[in-house]
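This report refers to the structure that appears directly beneath it.
Being a predicted model, the structure only gives us computed values, none of them experimental. Read the numbers this way: they start at 1 and go in the same order the structure lists the ligands and their atoms. Side-chain atoms are counted along with the backbone in the values below, which use heavy atoms only and exclude waters and symmetry mates.
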Amino acid sequence: MSVLSAEIARRRTFAIISHPDAGKTTLTEKLLLFGGAIQLAGAVKARGEQRRAHSDWMKVERERGISVTASVMTFDYDEKTFNLLDTPGHEDFSEDTFRVLTAVDSVVMVIDAARGIQAQTKKLFEVCRLRDMPIITFINKMDREAQDPFDLLDEIEQTLQIEVTPASWPIGMGSGFLGCYDLMGDQLLLMDKGSRGEKPHQVETCSGLDDPKLDKLLPDHALSDLRDQVEMVRGLCPEFDESAYLAGNLSPVFFGSAINSFGVSELISGLARHAPAPRPQPAIERKILPEDDKVSGFVFKIQANMDPRHRDRIAFVRLCSGHFKRGMKLKNVRTEKHLALHNAVLFLARDRELAAEAWAGDIIGIPNHGNLHIGDALTEGEVLRFTGLPSFAPEHLRAARPEDPMRAKHMGRALQQLAEEGAASVFKPRVGSDWIVGAVGVLQFEVMADRIRTEYDVPARFESTSLITARWLESDDEGKLKDFVRKNEGSIADDHRGHPVFLARNAWHLDRAQEDWPDIRFVNTKEQTI
Ligand code: G4P
């Protein structure tokens, strides 16, 4: 095997999806702890606090108690390199989450054992389903009063329409939770409630559930319940089938308690063993295989203010192929400009680190001053346009107005930059001097207003408009499109890339335009290729 193939084969790039409060942060922290990337539990939060203390923008996050920013953490375990991409849990930022999911090869879905499938889990799951993403389920908080495990499996299967099979089986729950039986490796995993830090649990290998050793390790009632339940579940659920998992049709389920670090090492071993290595990436021109010699990647996220000491932006690039080396020159296919990448960073959990090298599947961060946009392709020269990074038609439209009218130009520049980062959609109507900002969730307006004020020094308001939605305009007939735009100028705006958009005043307005102009497509998602 070539070095490139070997490096790719040992990478696991994944994200955790969950409803807020299910335990994503706690689980992330424990994964990092087990991966040796952090020493003490609590470090993810502590670092977060430190960051927040420096940035006004982050105040929105803190006051709202939500995590808006997503980050990347890299750690090693079991001779594998894991890239864990964080996703914002709040639904107002679902567009961000969607984009993060285009950059991973599999996901871990965390479910609160008492609450089961919640609204946001379902939404995020559906996004994964669209991409046939392999999903491992982690049912968390078994140390609390939980739903019956059979009911939980049934709920996942019914609500999400995916087959499930337990990888481990819980022994008791709440204060009577003793641990799990590892159904794949025939091990008894007993929880030690005392220690929350390292790997505190007793692991006993056995020859199966009839092993007499178990009689000594478990109380009678717990053991007979376990035997009965496992027999039943083996009758009800299919056996684990790796190809069904990789196709996104079957999810192995682990039970655990992240706060007690319990079930975490089994989860991470499960990822190491079964989760896919970097997968091929679709582009208009061809499918990009990770093993291709030439380096390629795409920008899926832009983040400003990662570090308050550097007022730069970081473009997060998912490497899709090849072996990246520091100093390499890559072409931005959209602008046709070459970038010499001397200062790309890797996100080793402790801090940013200069990337000496990276491989397909890795995420690198490129500091820049606005020349990289979401959806940009970077290559060694080939013209590639990656697909699958959509913009969604905004559900809320507001007019942005600077408090001081003299600062309108500055505000326009700020809005343009924020749109390039994917913070919201920004439209410049052809008629009038307003800027229209579109968001999928209203919280995005709050973040925008705060950032325009703190980062660009332009206090601004977002005022309601009579517009209900925006649709990108496309047509195979350039002449017709021009004609439509000319005749409807009062309802036409340009997005931050200069693509024409129809701003609808009400449903009737949109229906009417669609009826009258059958050659024009009014699209509500737009791929962010060039
Ligand atoms: P999130 O990122 O998905 O929003 O969830 P987070 O990890 O912040 O966890 C939400 C709450 O659930 C936290 O409690 C956390 O301590 C708790 N939690 C996480 N995993 C477990 C578990 O396995 N068992 C139990 N019993 N609780 C768990 P909090 O009181 O909101 O915050 P904190 O004060 O503990 O930090």
Query raised in the report: Distance only, no hydrogens: is a donor on one side chain within 3.5 Å (strictly under) of an acceptor on the other, for Asp182 and Ser168?
Result: no
Report summary line: Per-atom filter on ligand 1: closer than 4.0 angstrom to a heavy atom of Pro20 are 4 (O)
Query raised in the report: Taking both backbone and side-chain atoms of Gly256, is any N or O found less than 3.5 Å from an N or O belonging to ligand 1?
Result: no
Report summary line: Closest to atom 12 (O) of ligand 1 (heavy atoms only, candidates Lys141, His19, Glu29) is Lys141
**Report entry** Pair Lys24-Ser18, side-chain donor/acceptor within less than 3.5 Å
**Finding:** no
Query raised in the report: Between the side chains of Glu420 and Gln416, does any donor sit under 3.5 Å from an acceptor?
Result: yes
Requested in this report: Give the contacting part of Asp21 toward ligand 1: side chain, backbone, both or neither, where contact means a heavy-atom distance below 4.0 Å.
Outcome: both
**Report entry** Gln229 versus Glu231, side-chain donor and acceptor atoms under 3.5 Å
**Finding:** no
Report task. Would you mind reporting whether Pro276 and Tyr245 have side-chain heavy atoms less than 4.5 Å apart? Result -> yes
Query raised in the report: Hey, is Ala22 touching ligand 1 through its side chain, its backbone, both or neither, going by heavy atoms under 4.0 Å?
Result: backbone
Requested in this report: Answer yes if the side chains of Asp362 and Asn83 hold a donor-acceptor pair under 3.5 Å, and no otherwise.
Outcome: yes
Requested in this report: Using distance alone, determine whether Ala258 and ligand 1 share an N or O pair under 3.5 Å.
Outcome: yes
Query raised in the report: Can Glu463 and Arg398 be counted as an ion pair, charged N to O under 4.0 angstrom?
Result: no
Requested in this report: Would you mind running through ligand 1 and noting each atom that sits below 4.0 Å from a heavy atom of Lys24?
Outcome: 1 (P), 2 (O), 3 (O), 5 (O), 7 (O)
Report task. Ignoring hydrogens, just give me the one of Ile16, Asn140, Asp112, Val110 whose non-hydrogen atom is nearest atom 20 (N) of ligand 1. Result -> Asn140
Report task. Please determine if Ile259 has a nitrogen or oxygen closer than 3.5 Å to a nitrogen or oxygen of ligand 1. Result -> yes
